[in-house]
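One structure is given here, and the rest of the page talks about it.
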Amino acid sequence: MTPGDGQPMLSGIKVIDLTSVVFGPYCTQTLADLGAEVIKVEAPPWGDLFRRAGKPAVTPGMGPGFLAINRGKQSVMLDLKQPGDAAVMRALLAEADVFVLNVRGKAAERLGLDYASVRALKPDIIYLHCVGFGQDGPYADLPAYDDVIQAASGATSLARRVDGNPAARYIPSLIADKVSGLHGVYAVLAALIHRMRTGEGQLVEVPMLEAFTSFMLIEHLGGLTFDPPNAPSCYARQVDPHRQPFPTSDGYISIAAYTDRDWLPLLTLLGNPGFLDAPEFATPADRFRNLALLYAEVARLTPGFTTLDLATRCAAANLPAQPARDIDDILNDPHLQATGFFRRRTHPTEGAYYEMRAPVKFGAAAVRDTIPPPVLDQQGEAIRAKR
């Protein structure tokens, strides 16, 4: 499809970004990928704390974590407690379409950046408040990070349901931050459409606990959905200790025999279709009740194959399967290489680095290169000179 006007989809939208770490910056990078002008406001002396996530190649404060979620942005360093810098901030907000912040409510009030004060500067502004907890609940003023939200949402109790180890454990990913950041993206887009229809800006609140709890409980509320409960919590398939990658002669492979009709071709492929003749597997209901036995038999048979051989056979049989790849090898994935997902770029100060392309493609949008992640205060002089 040929792009209509050749412009990015959010061209003309200006976003002032007063966020740090992952939740807010992941949201604003996605808006920048869609074409918004994003000005990242950072506090002295070090700027965004996530600048120090991982080892930088050249410049302190340009770690890989920061590079991953701050492309397409301009950086200005402002001390908002100082009158001159506060005036620059007010001037930026007076021209903005969207203001994204993760400063807690009382701190925002002290800085004169609460919704009422910002609305006085720009009546139709969309004010996206990224908070830890909903501001109408008892946790409203508590600090929050990904670990805290994983604990509060019940996510740290899932691993013990799989392996029996009673210790609470984090999912090894900043998953609550990233999920909440994506909630922030659709919240901004919906508010922009509302403003197009009505001319009205608004305060939009995205609380991490509520966003992540909603995300996790889609499957894991389970039997607690009903009052009274009719079954335990959790989606049994997800916490089944036997549902794990299967061993091969040289690694592991994920084979998702998700529907009942997958079992016969899978066991045929593995060389033991007669296993299903046992009375325990006479009906689909019987097979479902005895999934642990099926998983155990697959795990017994898969070591007779290499990972590549088994993945090739599963593909030919239209069975969902992928090698359980080590994350150190992900840059070599042939599909991601073919789609150009990882792109080698050259940063003006940091040298060569890999950038992950935005995963969503729009047929009616022009493909464009975003500017590389900024060093601290990279555009500060130019931005301050305009105010």
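Computed over heavy atoms, backbone and side chain alike; hydrogens, waters and symmetry mates excluded.
Between Asp48 and Glu42, the shortest heavy-atom contact is N-OE1, 2.8 Å. Residues Pro373 and His347 come closest through the heavy atom pair O-NE2, 2.6 Å. For the residue pair Lys178 and Val22, the shortest heavy atom distance occurs at CG-CG1, 3.9 Å. Residues Pro273 and Leu264 approach most closely at CB-CD1, 4.1 Å, considering heavy atoms. Of all heavy-atom pairs spanning Ala155 and Ile171, the tightest one is CB-CD1, 4.1 Å.
Considering only residues two or more places apart in sequence or on other chains, Thr198 meets the side-chain hydrogen bond (donor to acceptor under 3.5 Å, both in side chains) condition with His194. Arg300 meets the side-chain hydrogen bond (donor to acceptor under 3.5 Å, both in side chains) test with Glu297; sequence neighbours excluded. Residues passing the side-chain hydrogen bond (donor to acceptor under 3.5 Å, both in side chains) test with Arg52, sequence neighbours excluded: none. Judged as a salt bridge (Lys or Arg N to Asp or Glu O under 4.0 Å), and not counting sequence neighbours, Asp146 has no contacts.
Listed by chain and number, the hydrophobic cluster partners of Met77 are Leu376, where partners are ILVMFWY side chains within reach of under 4.5 Å, directly or through others. Other members of the hydrophobic cluster containing Tyr354, listed by chain and number, are Ile330, Leu331, Leu336, Phe341, Phe342, Met356; membership follows side-chain contacts under 4.5 Å among ILVMFWY residues, whether direct or relayed.
Here the OG atom belonging to Ser180 is positioned 4.5 Å from the CE atom belonging to Met208, to the nearest 0.5 angstrom. Atom-to-atom distance recorded for Asp262:CG and Arg287:CZ is 11.5 Å, nearest 0.5 angstrom. Here OG1 of Thr349 is found 5.0 Å from CE of Met62. Values are rounded to the nearest 0.5 Å. To the nearest 0.5 Å, atom CG of residue Leu276 and atom CG of residue Asp286 are 11.5 Å apart. With rounding to the nearest 0.5 angstrom, the CG atom of Leu266 is 9.0 Å from the CG atom of Leu294.
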Walk me through whether Ile125 and Val98 qualify under side chain to side chain contact (heavy atoms under 4.5 Å, CB included). CA-CA 6 Å; Ile125 199 162; Val98 180; 5.9 Å; no

Can you list the steps and then say if Arg161 with Asp240 is a salt bridge (Lys or Arg N to Asp or Glu O under 4.0 Å)? CA-CA 8 Å; Arg161 288 171 160 82; Asp240 185 337; over 6 Å; no

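Note on residues 244-267: pairs passing ring-ring contact (aromatic ring centres under 6.0 Å, His included), not counting sequence neighbours, are Trp263-Tyr295. Sorted by first then second residue, the salt bridge (Lys or Arg N to Asp or Glu O under 4.0 Å) pairs that include residues 347-360, not counting sequence neighbours, are Arg343-Glu355, Arg345-Glu355.
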Result block: side-chain N/O donor-acceptor pairs under 3.5 angstrom for residues 101-113, not counting sequence neighbours:
residue, atom, partner, partner atom, Å
Asn102, ND2, Ser20, O, 3.2
Arg104, NH1, Asp141, O, 2.8
Lys106, NZ, Asp141, OD2, 3.4

Could you give the side-chain donor-acceptor pairs of residues 26-34 under 3.5 Å, partners two or more places apart or in another chain?
residue, atom, partner, partner atom, Å
Thr28, OG1, Asp17, OD2, 2.7
Thr28, OG1, Gly24, O, 3.3
Thr28, OG1, Pro25, O, 3.2
Thr28, OG1, Lys73, NZ, 2.8
Gln29, OE1, Asn70, N, 2.7
Gln29, OE1, Arg71, N, 2.8
Gln29, NE2, Ala68, O, 3.0
Thr30, OG1, Tyr26, O, 2.9
Asp33, OD1, Arg71, NE, 2.8
Asp33, OD2, Arg71, NH2, 2.9

Name every donor-acceptor pair, under 3.5 Å, that has one atom in a side chain of residues 211-227 and the other anywhere in the protein, sequence neighbours excluded.
residue, atom, partner, partner atom, Å
Thr213, OG1, Leu209, O, 2.6
His220, ND1, Tyr235, N, 3.2
Thr225, OG1, Gly222, O, 2.7

Show me the side-chain donor-acceptor pairs of residues 89-96 shorter than 3.5 Å, one per line, residues at least two apart or across chains.
residue, atom, partner, partner atom, Å
Glu95, OE1, Lys14, NZ, 3.4
Glu95, OE1, Arg387, NH1, 2.8
Glu95, OE2, Arg387, NH1, 3.2

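Between Asp97 and Arg195 a salt bridge is recorded (basic side-chain N to carboxylate O distance below 4.0 Å).
Under the 4.5 Å side-chain heavy-atom criterion for grouping Ile, Leu, Val, Met, Phe, Trp and Tyr, Phe133 is connected to Val204 within one hydrophobic cluster. When hydrophobic clusters are built by joining Ile, Leu, Val, Met, Phe, Trp and Tyr residues whose side-chain heavy atoms come closer than 4.5 Å, directly or via intermediates, Ile149 is not grouped with Leu174. Both Val185 and Ile175 are part of a single hydrophobic cluster, where members link through side-chain heavy atoms under 4.5 Å apart. When hydrophobic clusters are built by joining Ile, Leu, Val, Met, Phe, Trp and Tyr residues whose side-chain heavy atoms come closer than 4.5 Å, directly or via intermediates, Ile126 is grouped together with Val206.
For Asp277, the CG atom counts as densely surrounded, since its 6.0 Å shell holds more than 12 non-hydrogen atoms of other residues, nucleotides or ligands.
Inter-residue side-chain proximity for Arg313 and Phe305 is flagged as met; some heavy-atom pair is nearer than 4.5 Å.
The six-membered or imidazole ring of Tyr115 lies away from that of Phe99, with a centre-to-centre distance of 6.0 Å or more.
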